[in-house]
Amino acid sequence: MKKRFLLTGIFCLILFSCNHNNQVIPYARVNFSVNTTSTNLIHVGGYEYFTGGVSGIFVYRSDIQTFYAYDRACPYDWENGGRVEIDTNNNFILIDYKCGSKFNILDGYPLSGKAEEPLQEYNAQMIDDIYLRVYN
């Protein structure tokens with residue numbers, strides 16, 4: 001009985017100690033406003049990259065009032081420089097070309113690749129008809 005308990009304990013230890021390499025992205029304070037008329041965010045489907053966050057910030061405009069903002073840090077390999085950008089083959093996907101992980105541009109969740117966690121999302125809200133505020 002003790003042997004079975006010991007073997008079960010060792011098996012559990014091995015199972016839960018596997019390194020999945022999905023790392024927790026550290027908190028980074030984000031709070032900035034941007035004039036949408038002076039960027040590609042002026043039109044629906046437009047996107048821009050900004051400095052800030054952990055590895056930069058990606059903002060996408062899906063309709064007149066809806067924007068999505070994500071940290072560019074890939075949850076799988078951000079510590080090794082992995083960060084997302086628009087997939088050149090599909091403008092509705094963000095990809096980390098370093099590890100191959102792909103993410104849905106509308107919710108930040110992984111579609112394929114090594115990443116198992118979604119991108120870090122930030123709030124994106126129109127202040128008026130011109131300025132967009134991105135914050136956490």
Side-chain angles (χ1 to χ4, degrees):
M1 185 68 148
K2 287 182 181 181
K3 192 174 190 178
R4 179 184 284 173
F5 181 75
L6 181 62
L7 288 174
T8 303
I10 291 171
F11 175 74
C12 288
L13 193 67
I14 291 169
L15 180 67
F16 291 112
S17 67
C18 291
N19 182 5
H20 296 283
N21 204 36
N22 282 282
Q23 306 155 2
V24 175
I25 297 172
Y27 176 83
R29 182 151 169 71
V30 172
N31 188 11
F32 67 90
S33 296
V34 61
N35 182 333
T36 58
T37 62
S38 62
T39 67
N40 286 330
L41 297 173
I42 193 168
H43 58 85
V44 172
Y47 65 90
E48 283 285 339
Y49 300 103
F50 297 95
T51 58
V54 174
S55 295
I57 298 171
F58 171 83
V59 178
Y60 172 74
R61 185 175 201 160
S62 69
D63 64 37
I64 297 297
Q65 289 292 318
T66 307
F67 293 81
Y68 296 95
Y70 304 103
D71 202 292
R72 293 182 65 193
C74 177
Y76 182 78
D77 63 352
W78 70 271
E79 286 185 316
N80 296 320
R83 63 186 197 170
V84 297
E85 59 188 80
I86 285 285
D87 184 341
T88 55
N89 297 318
N90 184 339
N91 285 342
F92 294 103
I93 292 177
L94 295 170
I95 185 170
D96 173 3
Y97 285 106
K98 188 170 182 134
C99 75
S101 295
K102 294 183 179 184
F103 301 85
N104 185 320
I105 201 168
L106 299 179
D107 64 12
Y109 276 82
L111 299 169
S112 64
K114 296 178 180 179
E116 297 174 355
E117 300 296 323
L119 298 170
Q120 173 63 49
E121 186 172 9
Y122 298 113
N123 298 304
Q125 179 181 24
M126 288 297 286
I127 298 170
D128 53 26
D129 290 338
I130 297 174
Y131 289 94
L132 174 72
R133 179 177 175 219
V134 178
Y135 62 99
N136 48 4

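Quick caveat: nothing in here was measured; it's all calculated off a predicted structure.
Side-chain N or O atoms of Asn136 include one that pairs as donor or acceptor with a backbone N or O of Ala28 at under 3.5 Å. Lys102 contributes no side-chain N or O that, together with a main-chain N or O of Asp87, makes up a donor-acceptor pair within less than 3.5 Å. Looking only at distances, no side-chain donor or acceptor of Asp71 sits under 3.5 Å from a matching main-chain atom of Gln120. Checking side-chain atoms of Thr66 against main-chain N and O of Asp63 turns up no donor-acceptor pair under 3.5 Å. Remark: side-chain polar atoms of Ser101 are paired, donor with acceptor, to backbone N or O of Ala115 under 3.5 angstrom.
Atom OG of Ser112 sits about 7.0 Å away from atom CD1 of Ile93, to the nearest 0.5 Å. Here the straight-line distance linking atom CZ of Phe103 with atom CG of Leu119 works out to 4.5 Å at 0.5 Å rounding. Between the CG atom of Asn90 and the CD1 atom of Ile95 there is a distance of 10.0 Å, given to the nearest 0.5 Å. Within the model, atoms CD1 of Ile105 and OH of Tyr68 stand 10.0 Å from one another, a figure rounded to the nearest 0.5 Å. Expressed to the nearest 0.5 Å, how far CZ of Arg133 lies from CZ of Phe67 amounts to 14.5 Å. One distance of note links CD of Glu116 with OH of Tyr76; it measures 9.0 Å at 0.5 Å rounding.
The ring-ring contact (aromatic ring centres under 6.0 Å, His included) contacts involving residues 45-66 comprise Phe32-Phe50, Tyr47-Tyr49, Tyr47-Phe58, Tyr49-Phe58, where partners must be two or more places apart or lie in separate chains.
No side-chain heavy atom of Trp78 sits less than 4.5 Å from a side-chain heavy atom of Cys99. Counting only heavy atoms from C-beta outward, the side chains of Glu85 and Leu94 never approach each other to under 4.5 Å. You'll find the side chain of Pro26 reaches within 4.5 Å of the side chain of Val54, heavy atoms only. Here the side chains of Val134 and Val30 are in contact, with some heavy-atom distance below 4.5 Å.
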Only pairs under 3.5 Å count here: list side-chain donor-acceptor contacts from residues 123-132, not counting sequence neighbours, and write none if there are none.
| unit_1 | atom_1 | unit_2 | atom_2 | d |
| --- | --- | --- | --- | --- |
| Asn123 | ND2 | Tyr135 | O | 3.4 |
| Gln125 | OE1 | Tyr135 | OH | 3.2 |
| Asp128 | OD1 | Ile130 | N | 2.8 |
| Asp128 | OD1 | Tyr131 | N | 2.8 |

| message | For a side-chain contact (heavy atoms from CB on, under 4.5 Å) check, start with the C-alpha distance between Arg61 and His43, then their side-chain angles and the critical distance, and finish with the verdict. | response | CA-CA 7 Å; Arg61 185 175 201 160; His43 58 85; over 6 Å; no
Open item on the list: For a side-chain contact (heavy atoms from CB on, under 4.5 Å) check, start with the C-alpha distance between Cys74 and Arg83, then their side-chain angles and the critical distance, and finish with the verdict.
Closed with: CA-CA 5 Å; Cys74 177; Arg83 63 186 197 170; 5.8 Å; no
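Closest of all the heavy-atom pairs between Tyr122 and Ile57 is CE1-CG1, 4.1 Å. Shortest non-hydrogen contact noted between Arg72 and Ser55 is CB-O, 3.5 Å. Of all non-hydrogen atoms in Asn40 and Glu48, the two that sit nearest each other are N-OE2, 2.8 Å.
A single hydrophobic cluster is seen to contain both Val34 and Val59, as judged by linkage of ILVMFWY side chains at heavy-atom distances under 4.5 Å, directly or through other members.
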